[in-house]
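To start, the structure itself, in structure tokens.
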Amino acid sequence: MSSALHFDPIRLPPECVGLRQEVREFLRGELDSGRGRRREAFNREFSRKVGAKGWIGMTWPEKYGGRARSHLERYVVTEEFLAANAPVRAHFVADRQSGPVLLRYAPEHIKAAILPRICRGELCFCIGMSEPGSGSDLFAAKTRAVPTRGGFIVNGTKIWTSNAHQADYMLGLFRTSPPAADNRRHGLSQFLVDMKAPGIRIHPIRQMSGEQDFNEVVFTDAFIPQDHLLGEIDGAWKQATSELAYERSGPERFLETLDVLIALVRLLGPQPELRAAEGLGRLVAQLHALRRMSVSVSGMLAAGAEPVVEGSIVKDLGTLWEQRLPARVRELAAFASTDGAARAEFDARLEFATLIAPKLTIQGGTTEVLRGIVARGLGLR
Ligand SMILES: Cc1cc2nc3c(=O)[nH]c(=O)nc-3n(C[C@H](O)[C@H](O)[C@H](O)COP(=O)(O)OP(=O)(O)OC[C@H]3O[C@@H](n4cnc5c(N)ncnc54)[C@H](O)[C@@H]3O)c2cc1C
């Protein structure tokens with residue numbers, strides 16, 4: 001195995017135990033029986049309450065509204081929210097990746113204006129990377145930002161933009177120069193985009209699960225002020241790559257359909273049939289291994305590393321595991337004798353998990369592309 005690849009066996013520190021209890025108590029107070037409903041995932045009021053608890057931007061410096069807590073503490077909060085299906089959609093992207101990008105690359109006055117509002121749960125962000133014809137191959141992006149007096153004029157189309165219809169801001173990746181002969185990644189820049197600015201139209205795209213959480217976003221002569229340029233002009237590929245490490249390795253990569261596993265445990269009851277217990281044991285053991293790997297990546301991010309390969313492995317294994325989960329739980333459910341409420345609950349969760357399973361290996365980077373990244377990291381291509 002290449003020394004470039006490693007998963008240190010990181011344990012969550014003791015302060016995480018009390019924090020976990022605190023989060024659970026909060027969720028019990030906020031959600032019916034401590035669990036949320038997936039279809040009500042966007043809830044600004046809930047995000048404001050989470051902000052008031054200090055659980056958004058919790059690793060950021062206090063001068064920007066953060067709490068200077070550790071990435072592993074943040075991991076625990078995220079894990080509890082996702083496992084409980086809490087309605088985090090209004091703040092999740094800002095907390096996970098947009099805020100950290102702003103923290104690193106935005107001018108001081110933008111950080112001072114925006115980051116405290118994210119921490120208070122007031123702002124929703126979306127990610128403007130993919131375009132028609134430029135999904136996996138981000139560096140083929142064609143939406144152009146052309147310099148004008150006091151800023152840039154943007155024309156082009158982004159697609160699959162989750163939450164664009166509800167977002168206050170986007171972090172957009174736009175072309176500011178053609179690719180260089182020796183570096184096709186050159187020529188892209190990253191911008192903070194005010195989604196209410198003139199020249200931005202948002203068209204919904206409906207998913208087969210019935211959800212409508214992503215969109216096409218069309219820019220027609222939209223103006224972006226100069227101070228909304230983030231980082232280096234033409235050099236955003238480095239920023240976008242490190243942003244993706246945050247996006248790919250978190251517990252959201254294997255907890256999106258956890259509901260159906262919990263429903264199966266309830267359906268099988270306290271003394272499941274031997275073969276059902278064995279199957280359930282396997283699934284839980286696999287989940288545990290995924291979680292250990294994900295915690296390890298979080299520890300590396302906390303230490304300032306950029307675990308791009310390890311993050312890609314977690315995303316690949318996590319989404320494949322989740323994608324196979326509906327078929328496995330359906331087989332195991334055949335061992336249950338219970339009918340009634342537990343069965344109805346299980347069937348509803350199974351239906352939803354089945355409908356969202358196909359997208360899991362596409363969002364956040366497709367399986368094939370992630371394997372390409374892993375192969376490159378291992379020196380195999
Ligand atoms: C639910 C969901 C939410 C999303 N949210 C956002 C968002 O908020 N913002 C955003 O910017 N994007 C978002 N995306 C877009 C997502 O990240 C891209 O769709 C994804 O990267 C794939 O791009 P594509 O659809 O253009 O497919 P393509 O890139 O055209 O890929 C098509 C197929 O070709 C394969 N392929 C492509 N290149 C290679 C290669 N080099 N080697 C081997 N195989 C390859 C792919 O694996 C795939 O199977 C979202 C997608 C989904 C499903």
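Both ligands and their constituent atoms are indexed starting at 1 by order of listing.
The one candidate from L171, L173, V93 that meets the side-chain contact (heavy atoms from CB on, under 4.5 Å) condition with I127 is V93. Each of K315, E368, Q323 was evaluated against T361; a single residue qualifies, Q323, per the side-chain hydrogen bond (donor to acceptor under 3.5 Å, both in side chains) test.
No close placement of the F174 and F152 rings is indicated, their centers lying 6.0 Å or farther apart.
Protein residues are said to neighbour a ligand when one of their heavy atoms lies under 4.0 Å from it; for ligand 1 these are I127, M129, S130, G135, S136, W160, T161, S162, F214, K359, I362, Q363, G364, T366, E368, V369.
Every residue meeting the side chain to side chain contact (heavy atoms under 4.5 Å, CB included) condition with L283, not counting sequence neighbours, appears here in chain and number order: L261, Q286, W321, L325, R328, V329, L332.
Look at K53 and E30 and you find no salt bridge, because none of the NZ, NE, NH1 or NH2 atoms lies under 4.0 Å from a carboxylate O.
One side chain, T176 or D234, offers a donor N or O that lies under 3.5 Å from an acceptor on the other.
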